[in-house]
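All remarks here apply to the structure that follows.
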Amino acid sequence: VNDVTGMNSPAMIEAVAQTGLPCVISHLPAQYGQDIQAAHKSRDQLIDSEAEVYDDLLSKRAALMAQGVTGGEIILDPG
(Lines give C-alpha, C1' and ligand atoms only; values in the text may rest on other atoms or scores of the structure.)
Protein backbone atom coordinates (compact mmCIF):
# COMPACT_ATOMS: atom_id res chain seq x y z
CA VAL A 1 0.00 0.00 0.00
CA ASN A 2 1.59 3.28 -1.08
CA ASP A 3 -0.11 6.21 0.66
CA VAL A 4 1.13 9.39 -1.01
CA THR A 5 -1.14 11.41 1.28
CA GLY A 6 1.14 10.71 4.23
CA MET A 7 -1.21 8.57 6.34
CA ASN A 8 -3.06 11.74 7.28
CA SER A 9 -6.34 9.82 7.31
CA PRO A 10 -7.17 7.58 10.29
CA ALA A 11 -9.22 5.49 7.83
CA MET A 12 -6.08 4.77 5.79
CA ILE A 13 -4.20 3.66 8.92
CA GLU A 14 -7.08 1.33 9.79
CA ALA A 15 -7.23 -0.05 6.23
CA VAL A 16 -3.49 -0.79 6.21
CA ALA A 17 -3.75 -2.50 9.58
CA GLN A 18 -6.65 -4.65 8.38
CA THR A 19 -4.96 -5.78 5.16
CA GLY A 20 -1.65 -6.81 6.72
CA LEU A 21 0.14 -5.62 3.58
CA PRO A 22 3.44 -3.72 3.67
CA CYS A 23 3.01 0.03 3.31
CA VAL A 24 4.94 3.08 2.20
CA ILE A 25 4.35 6.30 4.09
CA SER A 26 5.28 9.39 2.11
CA HIS A 27 5.80 12.65 3.94
CA LEU A 28 3.10 15.18 3.19
CA PRO A 29 2.44 17.97 5.66
CA ALA A 30 -1.04 17.46 7.08
CA GLN A 31 -2.10 21.05 6.44
CA TYR A 32 -1.08 20.77 2.78
CA GLY A 33 -2.56 17.34 2.32
CA GLN A 34 -5.95 18.51 3.56
CA ASP A 35 -5.99 21.52 1.27
CA ILE A 36 -4.03 20.60 -1.83
CA GLN A 37 -5.30 23.77 -3.50
CA ALA A 38 -3.37 25.92 -1.01
CA ALA A 39 -1.34 27.31 -3.90
CA HIS A 40 -1.39 30.79 -2.41
CA LYS A 41 1.31 29.79 0.06
CA SER A 42 4.91 30.40 -0.86
CA ARG A 43 7.08 27.38 -1.64
CA ASP A 44 9.05 27.94 1.60
CA GLN A 45 5.88 27.59 3.67
CA LEU A 46 5.23 24.15 2.15
CA ILE A 47 8.68 22.71 2.86
CA ASP A 48 9.21 21.20 6.28
CA SER A 49 12.56 21.07 8.02
CA GLU A 50 14.40 17.75 8.26
CA ALA A 51 13.39 17.46 11.91
CA GLU A 52 9.70 18.01 11.06
CA VAL A 53 9.83 15.34 8.34
CA TYR A 54 11.59 12.90 10.67
CA ASP A 55 9.13 13.51 13.52
CA ASP A 56 6.12 13.26 11.20
CA LEU A 57 7.21 9.94 9.70
CA LEU A 58 8.06 8.42 13.08
CA SER A 59 4.73 9.57 14.50
CA LYS A 60 2.82 7.95 11.66
CA ARG A 61 4.92 4.80 11.98
CA ALA A 62 3.99 4.67 15.68
CA ALA A 63 0.29 5.09 14.83
CA LEU A 64 0.48 2.14 12.45
CA MET A 65 2.36 0.01 14.96
CA ALA A 66 -0.26 0.83 17.61
CA GLN A 67 -2.80 -0.74 15.24
CA GLY A 68 -0.72 -3.92 14.98
CA VAL A 69 1.34 -3.25 11.84
CA THR A 70 4.89 -4.54 12.39
CA GLY A 71 7.85 -2.22 11.86
CA GLY A 72 9.25 -4.46 9.14
CA GLU A 73 6.12 -3.86 7.05
CA ILE A 74 6.51 -0.05 7.08
CA ILE A 75 8.65 1.84 4.58
CA LEU A 76 9.23 5.54 5.27
CA ASP A 77 9.55 7.88 2.27
CA PRO A 78 10.69 11.40 3.16
CA GLY A 79 9.60 12.60 -0.27
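- Put simply, Val4 and Val1 are part of two different groups of oily side chains (I, L, V, M, F, W, Y) that touch within less than 4.5 Å, one to the next.
- Hydrophobic clustering, with ILVMFWY side chains joined whenever heavy atoms are under 4.5 angstrom apart, groups Tyr54 together with Met65.
- Between Met12 and Cys23, the closest side-chain pair of non-hydrogen atoms is not below 4.5 Å.
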Which pairs would a plain distance check flag for residues 15-22, meaning a side-chain donor or acceptor within less than 3.5 Å of a matching protein atom at least two apart in sequence or in another chain?
residue, atom, partner, partner atom, Å
Gln18, NE2, Glu14, OE2, 3.1
Thr19, OG1, Val16, O, 3.0
Thr19, OG1, Leu21, N, 3.2

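- The main-chain N or O of Asn8 is never found under 3.5 Å from a side-chain atom of Thr5 such that the two would form a donor-acceptor pair.
- Annotation for Arg61 and Ile25: closest pair N-CD1, 4.2 Å, computed over non-hydrogen atoms.
- When the side-chain hydrogen bond (donor to acceptor under 3.5 Å, both in side chains) test is applied to Asp77, the partners found at least two apart in sequence or on another chain are Ser26.
- Here the straight-line distance linking atom CG of Leu57 with atom CE of Met7 works out to 11.0 Å at 0.5 Å rounding.
- From Ile75, atom CD1 reaches atom CG of Asn2 across 8.5 Å, with rounding to the nearest 0.5 Å.
- Checked by atom type and distance alone, the side chain of Glu73 never pairs as donor or acceptor with a backbone atom of Thr70 at under 3.5 Å.
- Here Ile74 contributes atom CD1 and Lys60 contributes atom NZ; the two are 13.0 Å apart, rounded to the nearest 0.5 Å.
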